Amino acid sequence: MLEQKIAQIKKEALAEIAAVESLGVVGELRVKYLGRKSEFTGILKSLKDMSEDERKTIGQLANLIKTEIETAFVEKEKELKEKSFDFAAEKIDVTMPAKKLQRGHLHPLSRIQYEIEDIFTSMGFEIADGPEVETEFYNFDALNIPKDHPARDMQDTFWIKNNEQLTADNKQQEKIVMRTQTSDVQIRFMEKHTPPFRIIAPGRVFRRESTDTTHDHTFHQFEALMVGEDITVGNLKFVAEQFFSKFFKADVEIRLRPSYFPFTEPSFEFDINCLVCGGKGCSSCKWAGWLELGGAGIVNQNVFEAVGYPRNKYQGFAWGFGLERLAMMKYKIDDVRLFHSGDLRFVKQF
Ligand code: DAH
């Protein structure tokens, strides 16, 4: 009797499941046939009141049928899901052009710096580095610029307020500066190395200056220092010429004018011929035909002495050139302030 009832439920359920057309109705049917309040669940609940024999046969049968109905539901769901899948809407046209990715790139100054580093490493130079916040000793004293020397005024300096640090031997408080030149790296490097060596040191420097198209308060220099027992101005000129012809991929003329720096003797102002006008005079070189790149010279023996080298044992040349000046000439940029303007329209051109 109960067996017949179960067979009846199965027949009705399978017929209804077979006829169903929507996923929503499948859910309703599941509640109707297998839900907590369904006839079928009622039968399963009543098993506990049956005799042992009955419980066994009815129980087995009911579970079998339940699995059968459940399987029918699962298959129906699968079938309906596949039917409702909209192939046209899901179609992907693999021939469509892809979305363009926005990629970042190096700032023009970084590019120039890496280019310079490549050229110098190919000539056997090492790259040296130093801190941008520097002590008075490395920025001035060790470079033969004593505290009361008028040469201190050659560079307008940002002093860091109320921030003094003990000197290396812990004997004295020392003032802190935003380094005004990369020449500090000369001292830091020589303290740890013995000649012969050749280095360049590119880096950021700071001056308390008003700005215009060729001056900024923050800019980059790259220092060069080559020390050995018989280095001369000839080496300075040769290395510089090699570098510039590689950097500009053109023959570059060099001009040395007598000048003064405390850390070199003799000292020069270092110019190259203007590559924009070929020396005739234009707005890039301010109608001079020459571009002033920075200072250079033969290292003063006082500097060697400050780092503990014996006097007159070594000779070296050094220079400190402006990186922005080179970039401006290479890319024909007419305002140095653009480099730090944060203007993407400018940066994206490179
Ligand atoms: N440090 C100097 C400046 O910023 C430039 C300079 C001159 C660097 C002569 C040198 C040098 O290494 O030998 O004005």
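Since we're looking at a predicted model, the values are computed, not measured. We count ligands from 1, going down the list as the structure has it; atoms in each ligand are counted the same way.
The aromatic ring centroids of Phe197 and Phe189 lie less than 6.0 Å from each other. The aromatic ring centroids of Phe206 and Phe158 lie 6.0 Å or more from each other. Taking the ring centroids of Phe120 and Phe243, they lie under the 6.0 Å cut-off.
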(request) Start with the C-alpha distance between Glu16 and Lys76, add both sets of side-chain angles, then the distance that settles salt bridge (Lys or Arg N to Asp or Glu O under 4.0 Å), and finish with yes or no. (result) CA-CA 11 Å; Glu16 267 203 275; Lys76 189 69 185 181; over 6 Å; no
(request) Please step through salt bridge (Lys or Arg N to Asp or Glu O under 4.0 Å) for the pair Asp271 and Arg325, ending with a clear verdict. (result) CA-CA 11 Å; Asp271 306 335; Arg325 292 268 164 96; over 6 Å; no
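In this pair, Trp319 and Phe317 present their aromatic rings parallel. The plane angle is below 30°, not in the 30 to 60° band.
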For each nitrogen or oxygen atom of ligand 1, which protein N/O atoms lie closer than 3.5 Å, and how far apart are they, rounded to 0.1 Å?
unit_1   : atom_1 : unit_2 : atom_2 : d
ligand 1 : 1 (N)  : Gln181 : OE1    : 2.6
ligand 1 : 1 (N)  : Ser183 : OG     : 3.0
ligand 1 : 4 (O)  : Arg207 : NH2    : 2.8
ligand 1 : 4 (O)  : Gln221 : NE2    : 2.9
ligand 1 : 12 (O) : Gln186 : NE2    : 3.0
ligand 1 : 12 (O) : Glu223 : OE2    : 2.6
ligand 1 : 12 (O) : Trp319 : N      : 3.4
ligand 1 : 12 (O) : Trp319 : O      : 3.3
ligand 1 : 13 (O) : Ala318 : O      : 3.3

